[in-house]
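As the structure is a prediction and not an experimental result, all values here were calculated from the model. Per chain, numbering begins at 1; letters A, B, ... match sequence-line order.
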Protein chains: 2
Amino acid sequence: MKLTINDLAKMTGLAKSTISGVLNNKDGFSEKTRQKVLEAAEQYGYVPNEIARGLSTKYTKTIGLVIKDITNPFYSKLTKGVQEVAGEYGYTVFLCSSFEDHRTEKEQIQAMLSRRVDGLIVAPLLEEVTFDHLFDLKAKSVPFVLLGSVPGLDSSYVEFDDYDGGRQVTEHLLERGHRSIGFAAGLPTSRASRERLRACRDVLSAHGLALRAEFTFEGAQELADGVEVGRKLIAMKERPSALICFDDVVALGVVKAFQSEGLRIPEDLSLIGFDDIDLMIFPLTTVSIPTYEAGKALARTLFGQIFGGPDTPAQRIVFDEKLVVRQSVLTVTN
Amino acid sequence: MKLTINDLAKMTGLAKSTISGVLNNKDGFSEKTRQKVLEAAEQYGYVPNEIARGLSTKYTKTIGLVIKDITNPFYSKLTKGVQEVAGEYGYTVFLCSSFEDHRTEKEQIQAMLSRRVDGLIVAPLLEEVTFDHLFDLKAKSVPFVLLGSVPGLDSSYVEFDDYDGGRQVTEHLLERGHRSIGFAAGLPTSRASRERLRACRDVLSAHGLALRAEFTFEGAQELADGVEVGRKLIAMKERPSALICFDDVVALGVVKAFQSEGLRIPEDLSLIGFDDIDLMIFPLTTVSIPTYEAGKALARTLFGQIFGGPDTPAQRIVFDEKLVVRQSVLTVTN
DNA sequence: AAAATAATTTGAACCGGTTCAATTTTCCTG
DNA sequence: CAGGAAAATTGAACCGGTTCAAATTATTTT
């Protein structure tokens with residue numbers, strides 16, 4: 001059915017090694033045969049079988065990207081960055097989603113390995129359990145880059161300075177006079193969320209303040225979760241004057257809940273998010289995260305590993321997070 | 001480095017065909033050898049090389065998904081649906097983005113073919129040029145399913161009744177008394193946009209009305225484009241009373257433009273979008289599109305083709321679009 | 001024009017699996 | 001316990017490429 005290199009060899013009367021050589025631009029072939037091969041390949045529309053090639057060269061021109069959920073703007077933008085760079089290198093990317101499940105993450109990585117990807121980009125779930133599967137990658141010396149470092153694992157990674165982002169927003173709120181601050185954290189599997197929360201706590205306690213338990217929410221991930229948090233806040237007798245949301249999506253949910261009750265942001269609640277997503281139309285004060293650039297950096301770092309061989313030193317790239325002040329934070333005068 | 005089936009054969013003292021047979025659950029092996037193989041595989045952590053397997057079986061357990069831009073919520077949700085079903089079948093998906101470029105689309109499909117995917121899902125760009133590459137797929141009898149039919153190509157597809165969606169929104173506006181209607185269309189490569197626009201024109205002309213050229217915009221794709229359209233409208237002396245946007249993202253852009261000028265939706269402009277995206281917090285009247293379900297349907301149809309062999313009849317699935325009335329359309333009394 | 005050298009081309013082995021006809025082993029039966 | 005059938009195992013070919021030492025052909029050199 002499909003034309004193979006053997007067919008081409010038969011048709012041109014040349015050896016398959018000759019065909020292979022010419023097609024891979026190796027030199028040592030006469031101009032005459034070179035033309036003959038090229039013409040025949042062109043004429044019959046020969047497309048080399050990358051699978052077969054991969055088997056002998058050990059390079060599949062394929063990388064795996066394991067993320068949590070493509071539906072989240074954060075990841076879709078990151079993915080776009082990865083794709084962009086992969087394309088430049090003639091690589092194709094396998095998209096795998098862990099759907100926030102630790103076992104799925106492991107399985108996906110396993111599947112990628114069995115498909116012999118040349119490298120992996122993983123946005124690992126943070127969990128108490130184990131990072132064995134990641135240490136394994138290192139042990140097997142499979143090129144890989146992580147989104148976010150993993151304690152004790154000496155690997156390449158790209159991450160954001162989430163702690164500093166958390167610090168910035170908290171200080172911003174303090175500067176604007178807020179003393180009662182709430183926090184809508186993400187899932188416990190999110191490193192970013194944890195860091196931001198930790199920073200928030202640190203800054204508050206440095207000012208003799210604390211995050212009150214009833215103003216601290218957990219597991220906020222999607223818009224609906226944000227709406228839920230918003231509802232809970234609305235139902236409270238006493239409410240924090242400001243809420244830091246783990247990301248813009250959650251913040252958007254809070255905005256939605258408040259708006260649907262006729263309450264207003266920032267008059268009734270000051271709000272801060274993270275990510276600075278494109279689809280934001282609400283003037284939300286947030287923290288911009290160079291997601292797209294991070295995706296590109298992840299891919300570039302990975303290709304560095306792939307082409308640099310197993311002794312390529314691990315690279316660590318940290319992107320800054322930057323507060324973007326808009327109109328969702330009120331200045332309160334005590 | 002990596003353990004192969006040959007290694008395993010040597011270690012157990014069995015033939016590689018035995019190892020292969022046991023591991024693939026073929027019968028005709030004694031319980032004793034079966035155990036021996038299984039234990040050895042387990043103990044040494046043997047993972048079959050899918051590349052090698054793919055070469056001989058012709059099945060790579062891999063499908064290709066070619067979309068325009070993963071960053072668009074429409075596609076990310078569709079992708080999620082595809083992934084979900086692919087996962088159920090033990091398949092992994094190659095994500096390819098055409099980035100709205102016809103040539104890139106062709107190249108991506110080519111790349112997928114050279115990687116011998118078992119099937120393809122393509123959201124093709126609509127262009128004057130050619131659909132040769134799609135007809136080629138048919139000719140080569142590569143299993144594939146399209147998002148949206150292509151004229152003259154008898155293939156499986158999943159599509160939305162975009163014409164009807166366009167009809168619904170236009171009639172809704174007419175019912176609410178609007179007579180001066182504008183349309184922010186998407187890129188000319190979007191079939192959905194074209195259909196919606198066509199329906200709008202048809203309905204209007206059936207009512208003796210027409211879409212005025214100065215109220216018809218083209219190439220609106222991202223939020224920024226919507227903002228642009230909004231600005232243009234604001235700058236006009238005379239403005240339509242309602243605007244239909246090709247999708248929610250564009251509508252969101254218009255909202256943003258209006259809000260930033262202190263104008264209000266729907267008081268200053270009635271607005272309708274398409275997609276009913278999750279991240280919407282503005283009470284936008286829109287048309288809900290079962291994107292996630294479509295993604296699943298695409299995948300299921302594809303697997304039907306893959307496992308059903310080349311004579312599987314082409315399937316056509318059309319999803320309805322459904323108007324969701326919220327608060328972005330004013331009732332005007334003339 | 002023969003010998004030496006350089007330029008091309010080729011054939012066989014290999015990558016890591018699957019497949020299946022042929023062979024070997026085991027089990028029954030008379 | 002020989003002989004035949006059934007069960008289990010194996011070996012070789014194949015999938016479609018790449019690689020490289022060896023063979024062939026062309027070009028110089030003397």
(request) Give me the one residue out of A:L14, A:T18, A:L3 that meets side chain to side chain contact (heavy atoms under 4.5 Å, CB included) with A:L8. (result) A:L3
Would you confirm whether [X], through its side chain, and [Y], through its main-chain N or O, come within 3.5 Å as a donor-acceptor pair?
X: A:D118; Y: A:I63; result: no
X: B:R116; Y: A:E50; result: no
X: B:Q108; Y: B:S97; result: yes

Any non-hydrogen side-chain atom of [X] less than 4.5 Å from a side-chain atom of [Y]?
X: A:T291; Y: A:Y75; value: no
X: B:I19; Y: B:V22; value: no
X: B:S155; Y: B:F144; value: yes
X: A:L120; Y: A:L65; value: no

(request) Could you list the residues that satisfy salt bridge (charged side-chain N to carboxylate O under 4.0 Å, His left out) with A:R191, not counting sequence neighbours? (result) A:E159, A:D162
(message) Using a 4.0 Å cut-off on heavy atoms, which residues in residues 109-118 of chain A reach DNA chain D? List them by number, or say none.
(response) none
(message) Applying ring pair (Phe, Tyr, Trp, His ring centres under 6.0 Å) as the test, list every pair that has at least one member in residues 80-123 of chain B; sequence neighbours left out.
(response) A:F94-B:F94, B:Y89-B:F303, B:Y89-B:F307, B:Y91-B:F303, B:H102-B:H133
(message) Please find the pair of heavy atoms, one from B:S114 and one from A:P48, that lie closest to each other, and give the distance.
(response) CB-O, 3.5 Å
(request) Measure across B:R115 and B:T60 and return the closest heavy-atom pair with its distance rounded to 0.1 Å. (result) O-CG2, 4.1 Å
(request) Tell me which residues in residues 44-60 of chain A put a heavy atom below 4.0 Å from DNA chain C, sorted by number, or none. (result) A:L55, A:S56, A:K58
(message) Reading DNA chain D from 5' to 3', where do the contacts with chain A start and stop? Cut-off is 4.0 Å to heavy atoms.
(response) D:dG16 to D:dC20
(request) Would you kindly give the CD1-to-P distance between A:I19 and C:dG11, to the nearest whole Å? (result) 12 Å
(request) If a protein heavy atom is under 4.0 Å from the base, mark B; if only from the sugar-phosphate, S; if neither, -; do that for nucleotides 4-9 of chain C going 5' to 3'. (result) ----SB
